[in-house]
Amino acid sequence: MSHLTAAIAEVGVQEFFNGIVENFVFEDADGGTFGGVGASYDIKLHLENGDIDLTNDNTVKIEELDIVWDRFILHLTADIPEVCTPNGCTTIFGFEVCIPSWCIFSANPEIDIAFDLSTFVKASEISGELEPVVSYFVHPARPPGMNYLDAEDAPDPDDPTNPDKNLANRWQVFLNPVWMDIDLIDFEATVETLLTDLVDLLMDTVFAGIPGWAKDIILGITGPLIDFLGDIFDFFDDFDEWLSDLFNISFGLGDLILNLVADFLAGKTPIVDLEDPLPVLNEEEHPAEGYTLIPVKIPVADLSAVINTNEMVIEATVGASL
Amino acid sequence: MVFTANSDLYAAIDEDGINLVVGHMMGQRPSLFNYGTALFAEFPELFCHPIEPTSMVKERDNPFFSREKPFILPGTNDNLALDFCIQLTALAVDFHPGDVIALPPELEPPLDRQTLAIRVEVCAGVGCPTQEFLDTYELPKPADEKEDRPRPKDPKNEEDREPPTIVPSDGIECFCLALVLVAEFKPAGETLDKLIQPRVVGIEFVDLKPEGLENIIECILHLMIQIVVLPKVAEALEEAVKAPLAQVKDLAGVTLVPTPTPADVPHNPAVEDDQTKVFINIEKVEDDA
């Protein structure tokens, strides 16, 4: 039979969750070469919204947790083999006409484009189901045999300037993902705009050196040009699917974010974090008498956390000895 | 059973838990339960009941008791005083329904709804004078006082006064009694620091006669327990139940306030089912912007 009982209604758990969500920010940059095409990303995101629903299966369901992209830069490079016209001379109507060689795609890489995708991406969503997991944390830096008051006084070497961090043992309750899913890339219909921008960029970069009449001809055949780009980047007819595959499969960004969110919830952000022994009376300084009364602390044992459809219930017993 | 049917947060501690908390308090903060004159610092074995502090109290050089001034003997013009000690040696709590502490008839058992019983073992002792002192000591006469003892610079300033002579004794005369109190909690205020406010509503010594003496000692202990001990126990109780809930406040940036009575809950705190329960609501902090 537990001595201490605390219950948090669903609205309280929602407030907990909102607090966790507000503190989550993620930045990353990575890249690679995929079939001759270089691609890299530079992203920053945070979380917003998210509804929770307590269940009788001892879980919290999360829905509509939005990933908001603060920065979503895609950098594509492609090295197209140089194509040159042959040089040589020929005789036409008795005149010798010589044509110099003319090459395109001589630069390396020819295509070097950075897109800011943040305006094209819908707010990505995370959904999932979390269960409370109780953990008893013993700081690895705490030497064996250190008493509880010395542990409380000792700064945490991982965060030595934080007065709230120390080497005391802690009871912690985390929300551990049972499953989580991420809908990472979902483009708006404005992908067409993105492709048009891509063509304009190519005109100003790859085809910068060709005569104006030639650019006009190329712009007149934008459709075939997009096909041409598709051939280069291998995205064929479905550019948004290609991008989704690039981020989800090639980069594994979806799994990366999912793992980070899961780790943030399950390993870094306890929803209950109690020092053990738990202080119930603070220390009292008596400078005139030359002593400081030690804090009164109670040992906490058998902490448990259970969720039902109405509330999350935390129970514990008061230990008999420190 | 839904704990938060009428509030956002709920916390409770049962009587076994609070009795363990009290036990930890007695071991770790013995100066809250033991009082005595300077004599007992030198001779702690003279206490009526041995004090058993935890090892950390000794390691951190904490006092085992609160030092009191000797008891001035009336009529001696502050010249003569007695060593004494008062100890609360055991304290047990029984939340309604009363099933642990037997109430004396004067407290009209059974325990009323929404009340709690507290049984306190009290020991007190006085250093009685030796026969030799009684045979030889004479109070200074006003003339002697004038010649032998310098007049205080300011009689109202205690530091300027000449300390009284402490009556020498061969030992401490002790007695121990059981005291039973009935207490209740005032309704919670509007803020969390006014959540738990206990007050004593009845007090009775077990088997103490004559009645006048009993009433006087009850009066003194009522004051001591109400003013000194219970606020500290309430503070500890409050911390024990609030600590898990404080996480909500820290994490979510909300304000916690006691759930109002009787609008939302009939009693807050509620003393029932051998527990003390508190009900708390969450108030979202509005951004200034």
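Below, read A as the first sequence line, B as the second, and so on, with proteins coming before strands; counting in each chain starts at 1. Nothing here was measured: the structure is a model prediction, and the numbers come from that model.
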* Kindly give the heavy-atom pair with the smallest separation between A/Ala9 and B/Ser7, and that separation in Å. => CB-O, 4.0 Å
* To do: Among the options B/Thr54, B/Asn281, B/Asp8, B/Ile18, pick out the one with the most heavy-atom pairs lying under 4.5 Å from chain A.
  => B/Asp8
* Hey, what do you get for OG (B/Ser66) to CD (A/Glu289), rounding to the nearest 0.5 Å? -> 9.5 Å
* Asked: What part of B/Met26 lies closer than 4.5 angstrom to a heavy atom of chain A: side chain, backbone, both or neither?
  -> neither
* Can you check whether B/His24 reaches A/Pro277 side chain to side chain, under 4.5 Å on heavy atoms? -> no
* To do: Check whether any side-chain heavy atom of B/Pro63 sits under 4.5 Å from a side-chain heavy atom of A/Leu293, and report yes or no.
  => yes
* **Residues of residues 138-153 of chain A with any heavy atom under 4.5 Å of a heavy atom in chain B** => A/Asn147, A/Tyr148, A/Leu149, A/Asp150, A/Asp153
* Measure distances from A/Asn282 to the heavy atoms of chain B and classify the residue's part below 4.5 Å as side chain, backbone, both or neither. => backbone
* Asked: Where the side chain of A/Glu311 meets the backbone of B/Val2, is there a donor-acceptor pair that is under 3.5 Å apart?
  -> no
* B/Thr4 OG1 to A/Glu10 CD distance, which is reported to the nearest 0.5 Å -> 9.5 Å
* With only heavy atoms counted, which part of B/Asp16 is less than 4.5 Å from chain A, the side chain, the backbone, both or neither? -> both
* Contact origin within A/Val13 toward chain B - heavy atom pairs under 4.5 Å -> neither
* Toward chain A, the part of B/Glu15 with a non-hydrogen atom under 4.5 Å -> neither
* Structure fact -> Listed by number, the residues in residues 34-47 of chain B that come under 4.5 Å of chain A (heavy atom to heavy atom) are none
* To do: Determine which residues belonging to residues 155-177 of chain A lie within contact range of chain B, meaning some heavy atom pair is under 4.5 Å apart, and list them by number or answer 'none'.
  => none
* Asked: Going from OG1 on A/Thr317 to CG on B/Leu20, what distance comes out if it is rounded to the nearest 0.5 angstrom?
  -> 9.0 Å
* CZ of B/Arg113: more than 12 outside heavy atoms within 6.0 angstrom? -> no
* **From CD1 (A/Ile8) to OH (B/Tyr10), nearest 0.5 Å** => 13.5 Å
* **Contacts of type salt bridge (Lys or Arg N to Asp or Glu O under 4.0 Å), residue A/Asp53, not counting sequence neighbours** => none
* Asked: Are any of the side-chain nitrogens in B/Arg29 or A/Glu284 under 4.0 Å away from the carboxylate oxygens of its partner?
  -> yes
* Structure fact -> Heavy-atom nearest pair, B/Asn62 first then A/Thr292, reads ND2-O, 2.9 Å
* Report the C-alpha separation of B/Gln28 and A/Leu322 in whole Å, then their side-chain angles, then the decisive distance to 0.1 Å, and conclude whether the side chain to side chain contact (heavy atoms under 4.5 Å, CB included) test is met. => CA-CA 10 Å; B/Gln28 295 174 54; A/Leu322 283 165; 3.4 Å; yes
* With rounding to the nearest 0.5 Å, note down the distance linking CD1 in A/Ile298 to CD1 in B/Ile13. => 6.0 Å
* **Separation of A/His3 NE2 from B/Gln275 CD (nearest 0.5 Å)** => 10.5 Å
